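Contents: one structure, followed by commentary.
Keep in mind it's a predicted model, so treat the numbers as computed, not measured. Note that these values count all heavy atoms, side chains included, but never hydrogens, waters or copies made by symmetry. First the proteins, then the strands, lettered A, B, ... as listed; each starts at 1.
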Number of protein chains: 2
Amino acid sequence: MSGAPREHFDPAREGRDPAEREAASLAQLELQLERCYEGIPFYRRHWDEAGFHPSQVTAWEDFTARCPVIDKKMLVADQAENPPFGSYLGIDPAEIARVQASSGTSGTPTLYGVGAEDWHRAGHVFAMTQWAMGVRPEDVVQFAFPFSLFFGGWGVLYGAERIGATCFPIGASDTRRHVELLFTLGSTVLEVTPSYALHMAEVAAELGYDPASSPLRRAIVGGEAGGAIESTRRRIIEAWGLETVCDSGSTSEMFPFCTTTECEEMSGPHLYNDEVWTELVEVDDPHSAVAEGERGATVYTHLWRTSQPMIRFASRDAAIMTSEPCVCGRTYPRLPGGIQGRVDDMLVVRGVNVYPSAIERALRETDGLGLEFRIYVDRVGEMDEVTVEVEPAEEPDDERSLGEIRARALEALRYRCQVRLGCEIVAPGSFERTTMKARRVIDRRSAPAEAGG
Amino acid sequence: MSGAPREHFDPAREGRDPAEREAASLAQLELQLERCYEGIPFYRRHWDEAGFHPSQVTAWEDFTARCPVIDKKMLVADQAENPPFGSYLGIDPAEIARVQASSGTSGTPTLYGVGAEDWHRAGHVFAMTQWAMGVRPEDVVQFAFPFSLFFGGWGVLYGAERIGATCFPIGASDTRRHVELLFTLGSTVLEVTPSYALHMAEVAAELGYDPASSPLRRAIVGGEAGGAIESTRRRIIEAWGLETVCDSGSTSEMFPFCTTTECEEMSGPHLYNDEVWTELVEVDDPHSAVAEGERGATVYTHLWRTSQPMIRFASRDAAIMTSEPCVCGRTYPRLPGGIQGRVDDMLVVRGVNVYPSAIERALRETDGLGLEFRIYVDRVGEMDEVTVEVEPAEEPDDERSLGEIRARALEALRYRCQVRLGCEIVAPGSFERTTMKARRVIDRRSAPAEAGG
């Protein structure tokens with residue numbers, strides 16, 4: 001955090017005058033809308049129904065006010081009707097270079113098809129954003145994201161390869177092996193979920209290593225909210241003795257164009273909006289932009305992508321935007337505080353809005369707590385009730401110290417969430433560790449009520 | 001198997017006059033030996049000790065007669081002394097593009113470092129060999145090799161990407177998901193271990209699909225002996241209704257230069273010996289070449305690779321070589337019958353040499369048997385005794401049909417192995433399925449003898 005401008009991967013692009021960039025991006029948007037209307041049945045049908053036509057857009061305000069949003073549910077329904085890629089593929093299937101998938105909550109995976117030109121273009125974007133997060137040709141980058149259906153790991157690997165770093169894509173593997181090879185090889189960058197970064201540090205200590213004096217200099221995290229939570233970030237930095245932990249990632253629908261990523265200043269994700277135009281809108285009205293500095297919900301648009309382009313995809317991530325430039329010298333807008341969970345994840349406890357990310361933040365700030373926790377949500381009458389179960393850092397000596405830890409946690413939760421939540425300390429190791437997104441919110445509201453419950 | 005010449009990826013190279021190619025390769029060998037002697041401490045030390053100097057090589061015969069072989073054990077010892085890459089890295093560590101590893105029987109992984117130039121060069125070689133096995137730009141290629149430490153899957157993915165095929169790298173995943181997505185997506189090529197290809201067909205049938213009318217046209221197999229065994233190949237072809245099943249692969253030490261791969265004729269792996277020079281030598285004397293048509297042990301040499309080049313690496317795979325050209329038009333030598341297991345895997349049962357691959361062949365030819373089996377090796381006095389346990393295709397109706405299956409298996413084993421082996425039919429599902437190499441030979445000879453055993 002030098003406070004001085006940083007070296008950029010694509011200086012002309014990253015340091016461009018914002019007004020000039022927005023004008024150029026608007027011209028590209030107009031081309032993209034025309035192309036989608038002419039060539040992609042999904043958009044034509046949907047836009048015709050809504051009375052929208054690309055010719056209505058001559059300014060960014062028009063785009064927000066008039067272009068309909070799309071969401072995950074619409075894409076899933078369209079793929080079910082038009083298998084395998086939906087009526088929004090946009091290219092000849094023979095031109096697809098890469099297929100990935102999400103598992104899908106319904107059990108039916110959503111398929112992502114990426115054309116050869118888009119895949120190549122994404123390589124440049126990934127290299128630019130990985131560079132901004134500090135990856136250099138002399139780095140040894142260890143990847144702890146799984147390489148399978150999910151898109152995440154593949155993209156960051158591609159970016160680090162383009163930069164010319166030494167890439168070590170272990171993927172999903174035994175944690176001891178990850179730790180041992182990290183020290184053997186002298187890895188300098190770890191790409192990982194926040195919770196797995198913390199778990200690896202625990203295992204390193206158990207194996208007799210001192211993680212705080214590891215060869216690692218940086219972690220690039222994604223796949224979970226943790227990277228946007230300062231107290232989690234701080235714990236990862238301290239556990240591994242790092243210079244930076246940068247948060248990275250949007251949704252699989254936008255991949256492989258992952259343009260919501262931090263720089264070495266850790267000042268919140270920069271929005272590379274000459275690639276993916278990002279709006280913040282009112283939660284209940286996607287046609288009303290929120291003012292700068294106000295919390296809104298994200299809406300993403302691929303400006304260049306031709307295979308499965310997303311036009312106003314409402315991912316409903318909660319964030320706050322600023323156009324105040326980062327000292328790194330990049331002139332993109334930013335999301336200070338990062339993605340603060342999905343707006344749909346918001347819990348309402350006795351009239352107070354509570355985000356799971358605020359709960360995580362409170363727990364990370366509490367001395368004596370371990371890494372893992374679960375948030376249970378129940379419905380009592382018309383009200384949501386939230387109970388947090390959390391592991392201690394180590395087996396407490398006695399009942400009294402256990403009580404003290406619990407009291408500190410309750411106080412931190414009340415402070416960060418502005419409402420009183422239940423909290424129980426459970427035995428260390430109660431909760432599973434995973435290389436993928438930890439599922440920490442267990443919603444029991446839709447389950448049938450138990451007698452006496 | 002048209003019997004007509006096939007289209008080549010790199011026609012000038014693949015169809016070159018063999019004598020001209022060997023002369024050019026010899027010139028390259030001389031450069032490579034000089035480079036290794038001057039720049040790689042491992043080779044200089046080892047060659048000096050053996051009284052070998054690159055200037056002694058002016059013909060291929062000199063190379064076989066005078067250049068020492070190296071083996072896995074020497075590389076492991078050198079890495080232990082010179083971590084992490086050994087004294088045979090050959091390039092500046094900063095130039096390494098890719099690190100992979102093998103788990104290592106001792107528990108200490110062997111690290112493979114590949115320089116950027118070698119990695120790029122390997123992409124062309126992988127594309128050439130994947131093309132020879134029938135992969136085309138219009139194919140949808142599904143990868144069932146895991147993407148983790150092991151090198152296998154990464155290389156074939158790279159080759160299919162270079163060809164411009166649609167790549168679907170699921171890797172290690174739930175088998176049902178593999179099967180469902182194969183049918184949803186219409187995958188035309190499956191890259192997989194032989195045993196997992198058969199297991200996937202079983203699961204497809206359980207899920208109600210008809211694998212024999214699947215969209216698949218080809219399987220490219222590796223990682224196990226099965227691809228070289230005609231009866232296993234035939235079962236995979238029939239199970240999935242394929243045109244070809246091609247065998248592919250050498251050892252991790254030679255990766256990412258995997259140059260022992262078949263063509264669509266399925267006439268045995270072609271040896272792309274302008275990339276990796278491959279010799280067949282006497283099992284007990286690596287300085288004596290075996291005559292064409294005789295069984296020998298493989299010795300591999302990287303002619304171009306500069307990062308961790310292997311010079312006369314004795315992998316001790318058993319094979320027979322021919323220079324008789326394949327009808328595909330490629331003018332490389334071939335290994336009819338493929339890699340027939342490692343010479344060290346050979347069992348001696350009452351004086352008769354028995355290869356595990358011969359046991360697999362016998363079982364694949366026996367009606368009523370399932371896919372999985374295990375070979376137990378015990379020492380009785382000075383003699384090896386071999387017992388095979390094998391699953392039936394389905395739960396037998398009664399004792400009599402069980403007895404008939406067992407009698408057929410015993411007869412097939414006696415015929416293929418030329419010696420009587422023990423055989424027991426066990427319950428279906430007794431043995432684990434895996435996406436990686438199945439461990440089918442359980443050697444109990446080194447275990448302490450049990451009383452009465």
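- Between the NE2 atom in His178(B) and the CG atom in Leu149(A) there is a gap of 8.0 Å [rounded to 0.5 Å].
- Between chain B and the residues Cys167(A), Pro83(A), Ala94(A), the largest count of heavy-atom pairs under 4.5 Å involves Cys167(A).
- Neither the backbone nor the side chain of Ile163(A) comes within contact range of chain B; no heavy atom of the residue lies under 4.5 Å from a heavy atom of that chain.
- For a residue to count as touching a neighbouring chain, one of its non-hydrogen atoms must lie under 4.5 Å from one of that chain's; by this rule Glu161(A) touches chain B with the side chain only.
- The CD1 atom of Ile170(A) lies 9.0 Å from the CD atom of Gln100(B); values are rounded to the nearest 0.5 Å.
- Using a 4.5 Å cut-off between heavy atoms, Leu111(A) contacts chain B through its side chain alone, with no backbone atom that close.
- For the atom pair OG (Ser148(B)) and CZ (Arg177(A)), the distance works out to 9.5 Å, reported to the nearest 0.5 Å.
- The local environment of CD in Glu202(A) is crowded, with over 12 non-hydrogen atoms from other residues, nucleotides or ligands closer than 6.0 Å.
- Checking each of Phe145(A), Trp154(A), Phe143(A), Phe147(A) against Phe147(B) for a ring pair (Phe, Tyr, Trp, His ring centres under 6.0 Å) leaves exactly one that passes, namely Trp154(A).
- Proximity to chain A is absent for every atom of Ala116(B), based on heavy atoms less than 4.5 angstrom apart.
- Pro169(B) touches chain A through backbone and side chain together, each having a heavy atom under 4.5 Å away.
- Remark: the backbone N or O of Arg98(A) is not paired with any side-chain donor or acceptor of Thr166(B) at under 3.5 angstrom.
- A distance of 11.0 Å separates CD1 in Ile96(B) from CZ in Phe168(A), rounded to the nearest 0.5 Å.
- Taking chain A as the reference chain and counting heavy-atom pairs below 4.5 Å, the highest number among Val141(B), Val140(B), Leu181(B) is found for Leu181(B).
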